[in-house]
Visitor: 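Mind looking over this structure? Questions follow.
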Amino acid sequence: METTSFAKENLAYERASKRVKELKGFYGNLTSYCLVIPFLLVLNLLTAPGHLWFFWPALGWGVGIAAHAISVFGIGKDWEEKKIKQLMEEEKRNTKTL
């Protein structure tokens with residue numbers, strides 16, 4: 001009994017740890033974006049005010065951040081949780097029949 005609860009706690013800890021790493025990665029990416037893009041804007045305005053090129057890195061990196069946000073917060077998280085529970089239940093049934 002105790003080993004089962006320990007295993008469940010260990011699994012919960014691993015999943016929570018993975019989630020924290022995902023969130024940390026996203027917020028690090030977002031922070032970098034918020035620091036670098038204004039720097040590029042200032043650099044662009046000082047060097048070539050007639051040609052606004054900073055929009056291109058802002059757009060490209062912004063699309064990357066949006067994709068990162070979707071992967072961390074959005075689509076697929078419910079599916080992953082359901083699939084993990086399904087696989088755990090199947091494994092539990094298989095070990096009981098042995």
Visitor: Are Glu14 and Lys18 packed together at the side-chain level, in the sense that at least one heavy-atom pair is separated by less than 4.5 angstrom?
Guide: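 The answer is no; the side chains never approach within 4.5 Å.
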Visitor: Would the distance check show the side chain of Tyr33 and the main-chain N or O of Ala58 forming a donor-acceptor pair, the cut-off being under 3.5 Å?
Guide: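 At least one qualifying donor-acceptor pair exists.
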Visitor: Can we say Glu90 and Arg93 salt-bridge, meaning some charged N sits less than 4.0 Å from an Asp/Glu carboxylate O?
Guide: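 Salt bridge between Glu90 and Arg93, a charged N being under 4.0 Å from a carboxylate O: no.
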Visitor: Starting from Leu59, can I reach Trp61 by hopping between I/L/V/M/F/W/Y residues whose side chains sit under 4.5 Å apart?
Guide: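 Different clusters: Trp61 never reaches Leu59 through Ile, Leu, Val, Met, Phe, Trp or Tyr contacts under 4.5 Å.
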Visitor: Please determine whether residues Ile37 and Val42 belong to a single hydrophobic cluster, defined as Ile, Leu, Val, Met, Phe, Trp and Tyr linked transitively by side-chain heavy-atom distances below 4.5 Å.
Guide: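 Result: no, two separate clusters.
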Visitor: To the nearest 0.5 Å, what is the distance between CZ on Phe54 and CG on Leu40?
Guide: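 If we round to the nearest 0.5 Å, Phe54:CZ and Leu40:CG are 9.0 Å apart.
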Visitor: Do Arg15 and Ile84 have side chains that approach each other closer than 4.5 Å (heavy atoms only, starting at C-beta)?
Guide: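 Arg15 vs Ile84: side chains touch.
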Visitor: Any side-chain heavy atom of Phe26 sitting closer than 4.5 Å to one from Ser71?
Guide: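 Contact flag for Phe26/Ser71 side chains = no.
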Visitor: Find out whether Glu89 and Gln86 are in side-chain contact, i.e. whether some heavy atom of one side chain is under 4.5 Å from a heavy atom of the other.
Guide: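 Side-chain contact under 4.5 Å: no.
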Visitor: Could you tell me which non-hydrogen atom of Val72 sits nearest to which non-hydrogen atom of Glu22, and how far apart they are?
Guide: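 Closest approach of Val72 to Glu22: CG2-O, 3.9 Å.
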Visitor: Would you find a donor on one side and an acceptor on the other, under 3.5 Å apart, between the side chain of Asn44 and the backbone of His51?
Guide: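 Side chain of Asn44 to backbone of His51: a pair is present.
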Visitor: Between Thr31 and Tyr27, is there a donor-acceptor pair closer than 3.5 Å when you use the side chain of the first and the backbone of the second?
Guide: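 Side chain of Thr31 to backbone of Tyr27: a pair is present.
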Visitor: Distance from Cys34 atom SG to Ile65 atom CD1, nearest 0.5 Å?
Guide: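 Here the interatomic distance stands at 7.0 Å.
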Visitor: With the 4.5 Å side-chain cut-off for hydrophobic clustering, are Phe55 and Phe39 part of the same group?
Guide: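 The answer is yes; both residues are in one hydrophobic cluster.
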Visitor: Roughly how far, to the nearest 0.5 Å, is CG of Leu35 from CG of Leu30?
Guide: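 Those atoms lie 9.5 Å apart.
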